[in-house]
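A quick write-up on the structure given underneath.
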Amino acid sequence: MPRYYFHVQDGINLPDLTGHECRDLAAAQRMAVRLAGDLIRELGTDLWLDGHWQMNVTDDNQLTLFCLMFTAINSPAMALHR
């Protein structure tokens, strides 16, 4: 099975040095969504502190196959709630 690497950037680079074996590209995309969900849960309200991060998924040759990007933005109306 091919190995895919799920590198995260959130102001610093967090390389995935071990990767995950996935049956195919579609399985790697499902894994990326699952891992991203786990990261968002772990961040909790801290997601609002940095606001932007992304996950770049590569193959064994470090060729980027796809990317997930996440941005958390408070609207100006949030100032009324502080």
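Please read these numbers as outputs of a predicted model, since none were measured by experiment.
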Once rounded to the nearest 0.5 Å, what's the spacing between atom [atom1] of [X] and atom [atom2] of [Y]?
X     : Y     : atom1 : atom2 : result
Asp59 : Tyr4  : CG    : OH    : 8.0 Å
Leu17 : His7  : CG    : NE2   : 8.0 Å
Arg3  : Thr18 : CZ    : OG1   : 7.0 Å

Could you tell me if Tyr5 and Asn56 have a donor-acceptor pair between their side chains, going purely by distance under 3.5 Å? no

I'd like to check the side chain to side chain contact (heavy atoms under 4.5 Å, CB included) partners of Met31; sequence neighbours left out, ordered by chain and number. Phe6, His20, Cys22, Arg34, Leu35

Are [Y] and [X] connected in a single hydrophobic cluster, I mean Ile/Leu/Val/Met/Phe/Trp/Tyr linked by side-chain heavy atoms less than 4.5 Å apart?
X     : Y     : value
Leu14 : Met55 : yes
Leu39 : Ile12 : yes
Leu65 : Leu68 : yes

Which pair of non-hydrogen atoms, one from Pro15 and one from Asn13, has the smallest distance, and what is that distance? CD-O, 3.4 Å

With sequence neighbours left out, write down each residue that passes side chain to side chain donor-acceptor pair (under 3.5 Å) with Asp24, or none if nothing qualifies. none

Apply salt bridge (Lys or Arg N to Asp or Glu O under 4.0 Å) to Asp38 and list each qualifying residue two or more places apart in sequence or on a separate chain. Arg41

Measure the shortest side-chain to side-chain distance between Leu63 and Thr58 over non-hydrogen atoms and say whether it is less than 4.5 angstrom. no

Do Asp10 and Phe70 have side chains that approach each other closer than 4.5 Å (heavy atoms only, starting at C-beta)? no

